[in-house]
Amino acid sequence: MSARSQPGPALLARERPAGVGPGPGPTLPASLRALVRSSLPFLLLLAVWWAATTALHPRATVLPSPAAAARAAGPLIAEGILPDYATASLKRIAFGGGLAIALGVPAGLLLGSNRLLSVAFTPFLKFFQSLSGIAWLPMVLVWFGFTERTIQVVILYTALFPIVFNTMTGLRTVPPRLADGLRALGAGRWRLVTDVWLPGALPSIIVGIRLGIAYGWRALIAGEMVVGAGGIGFLLFQSRSFQQTARIIDGMVVIGLLWIFLDAGFLRPLERYTVERWGLVQR
Amino acid sequence: MKRGDSWLGVLPFVALVAAWWVASHSGRFSAGALPRPESVLAAARELASTGELQADVLASLGRLVLGAGASVLLGAGLGILAGLNRFLGDLLLPLASFFSAVSGIAWIPLAIMWFGLGTVAVTFVIWNSIFFLVFFNTVLGVRSVPRIMEQAVRTLGGGHRVLVLQVFLPGALPYIVSGIRTGLGFGWRALIAAELIAATSGLGFLIFDASHYFRTDRILVGIGGIGILWTLMDGAILGPLERRTVKRWGTVAEP
């Protein structure tokens, strides 16, 4: 699909060579132009939102104006609530997600290393993956109470199963002939692991990590709503109790921004780096 | 998979239940913290005999069908429109990717403010968590259809209707179906979370309500119900849907 999008920019560049811009004014640098283009939809959304609130005058508890939402963000930031809660949520996802990766990848590799093991555990892993950590929340609350640990357990549980499952399937889908080929050339067991099995399974492992962290992030928001020990989810829920819709919207924007930050700052680089570095691209 | 492998999948479940049985009979945990397997079965029978369990299962399923149906129709329809129009697609794709980052659970508080507690709020949350994924994937799918197929049909005199029904929809189908699958994964989780917080019926509510009375046996009935229901849906609907649609109409891209 990238093949089709490539001609676009190339054609544009040919039609309008550097320095021969349409007007006499200074041309924007490419990066700035990309920024303007990608922020345009959001400005448009803001305009629609603004127009809707000025034309329809909904109650502030139903839909506050963009200005009101921006005003509500002021004290949230000034009082340090928003930075504190955002940090709390990020720390939780980093800890829970990191632990899920550290436990899930080795477990998946172990299960994937043997055909019978992977056959036996496929329905089991599918079953527990579909049981989101959120469903376990009341049970975990009974075990650990309204504490930090409850949230951690829910994130860990939610992120763990997609990671184990995808690591296992990734390992099983590496064509055996690749290992046979290397073995025929005299490679040892360790060499097979580092040169065939791990790189072959890597794309699938990364998919599992992305999915696990994405599920974990949502479970975190839900967990914070219910447990109430700080965090962005708690901010949203508390604001609902006090009918502060502007704060709810601010919280949602922060959730979106944090996820984009997590995705662009961690998950995508991880994907690019590992798959490019060690990945075994199949034709 | 070889013959005789199918029973292998049962083994981990048997081992887990056995470990659970031993742990709950060891006397180290109170019945509140870890109910025994037989008391969970008894709780399930009790809930089923009053019709409560069936009502909650139907409530959850109904919301899922309603929310998912609306989001698939809207997401695929609007996605095809936005996929055909480059300007519209470029405008809406960044919005769709932002909203799929905030989708689902984060909308629960706002949904309560708008619709109050109940089915409408829950259905809205499910719709929301599936729609953007289906939309996003449909746009990508339509854009992935090779131009040459469109040109071929045009050359043979095909109009807009033919193009959409016989070129773009089938061509985008593998993307749409994978969008639906991923979306349902998120939607299912959002449904349980939304019922936990914003509903008065459904499996999520069953679990949450039981936790108020420390009825952990009932909590486990609800959790088991969620897992079994998803496994049934996955086996009966999602798997076959994917196999049939992609096989039947899919133009699987050759690498």
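To find a chain, count down the sequence lines: A is the first, B the second, and so on, and within it residues start at 1.
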Just verifying a value: how many Å separate A/Phe124 CZ and B/Leu8 CG, rounded to the nearest 0.5 Å?
14.0 Å
Could you check if a side-chain atom of B/Ile219 sits within less than 4.5 angstrom of a side-chain atom of A/Trp136, using non-hydrogen atoms only?
no
Reported CG-to-OG1 distance for the pair A/Leu141 and B/Thr216, which is rounded to 0.5 angstrom:
12.5 Å
The interface call for B/Ile228 against chain A, heavy-atom contacts under 4.5 Å, is both
Mind checking the CE-CD spacing from B/Met113 to A/Gln244? Nearest 0.5 Å is all I need.
9.0 Å
How are the rings of B/Phe13 and A/Phe127 set to each other: parallel, tilted or perpendicular (split at 30° and 60°)?
perpendicular
Can you tell me which of B/Ser129, B/Gly185, B/Gly222 forms the most heavy-atom pairs within a distance under 4.5 Å of chain A?
B/Gly185
For chain A, find which of B/Ile226, B/Ile197, B/Leu95 contributes the most heavy-atom pairs closer than 4.5 angstrom.
B/Leu95
Heavy-atom closest contact (A/Arg218 atom, B/Ala101 atom, distance)
NH2-O, 4.0 Å
dist A/Ser130:OG -> B/Met233:CE (nearest 0.5 Å) comes out at 8.5 Å
Return the option, out of B/Ile207, B/Thr231, B/Val10, with the maximum number of heavy-atom pairs under 4.5 Å with chain A.
B/Ile207
When rounded to the nearest 0.5 Å, the distance separating OG of A/Ser132 from CH2 of B/Trp188 is 9.0 Å
Would you mind telling me which of A/Phe237, A/Tyr215, A/Phe128 has the largest number of heavy-atom pairs within less than 4.5 Å of chain B?
A/Tyr215
Does B/Ile148, at its CD1 atom, have more than 12 non-hydrogen atoms belonging to other residues, nucleotides or ligands within less than 6.0 Å?
no
Go through B/Ala210, B/Gly32, B/Ala193, B/Ala33 and name the one with the most non-hydrogen pairs under 4.5 angstrom from chain A.
B/Ala33
Given the options B/Gly141, B/Pro109, B/Gly104, B/Ser211, which has more heavy-atom pairs under 4.5 Å with chain A than any of the others?
B/Pro109
Could you check whether any side-chain N or O of A/Trp259 sits under 3.5 Å from a backbone N or O of B/Val102, counting only pairs where one atom can act as donor and the other as acceptor?
no
Return the CE to CZ distance between A/Met252 and B/Phe99, rounded to the nearest 0.5 Å.
7.5 Å
Below 4.5 Å from any heavy atom of chain B, which atoms of A/Leu258 appear? Answer side chain, backbone, both or neither.
neither
Pairwise side-chain contact, B/Leu220 with A/Met139, heavy-atom cut-off 4.5 Å (strictly under)
yes
Please determine, among B/Phe214, B/Trp107, B/Phe98, the option with the most heavy-atom pairs under 4.5 Å with chain A.
B/Phe98
With a 4.5 angstrom heavy-atom cut-off, is it the side chain or the backbone of A/Thr122 that approaches chain B, or both, or neither?
neither
Check A/Phe42 against B/Pro94 and note the closest heavy-atom contact, atom names and distance.
CZ-O, 3.6 Å
Here's a test for you: under side-chain contact (heavy atoms from CB on, under 4.5 Å), which of A/Leu236, A/Leu220, A/Ile221 qualifies with B/Ile105?
A/Ile221
A/Phe261 atom CZ, over 12 foreign heavy atoms within 6.0 Å
no
Portion of A/Val142 that has a non-hydrogen atom of chain B nearer than 4.5 angstrom
side chain
What do the steps show when you test B/Phe208 against A/Val226 for side-chain contact (heavy atoms from CB on, under 4.5 Å), and what is the final call?
CA-CA 10 Å; B/Phe208 197 58; A/Val226 174; 4.3 Å; yes
Side chain, backbone, both or neither: which part of B/Ile112 has a heavy atom under 4.5 Å from chain A?
side chain
Interface moiety of A/Ile260 toward chain B, non-hydrogen atoms closer than 4.5 Å
side chain
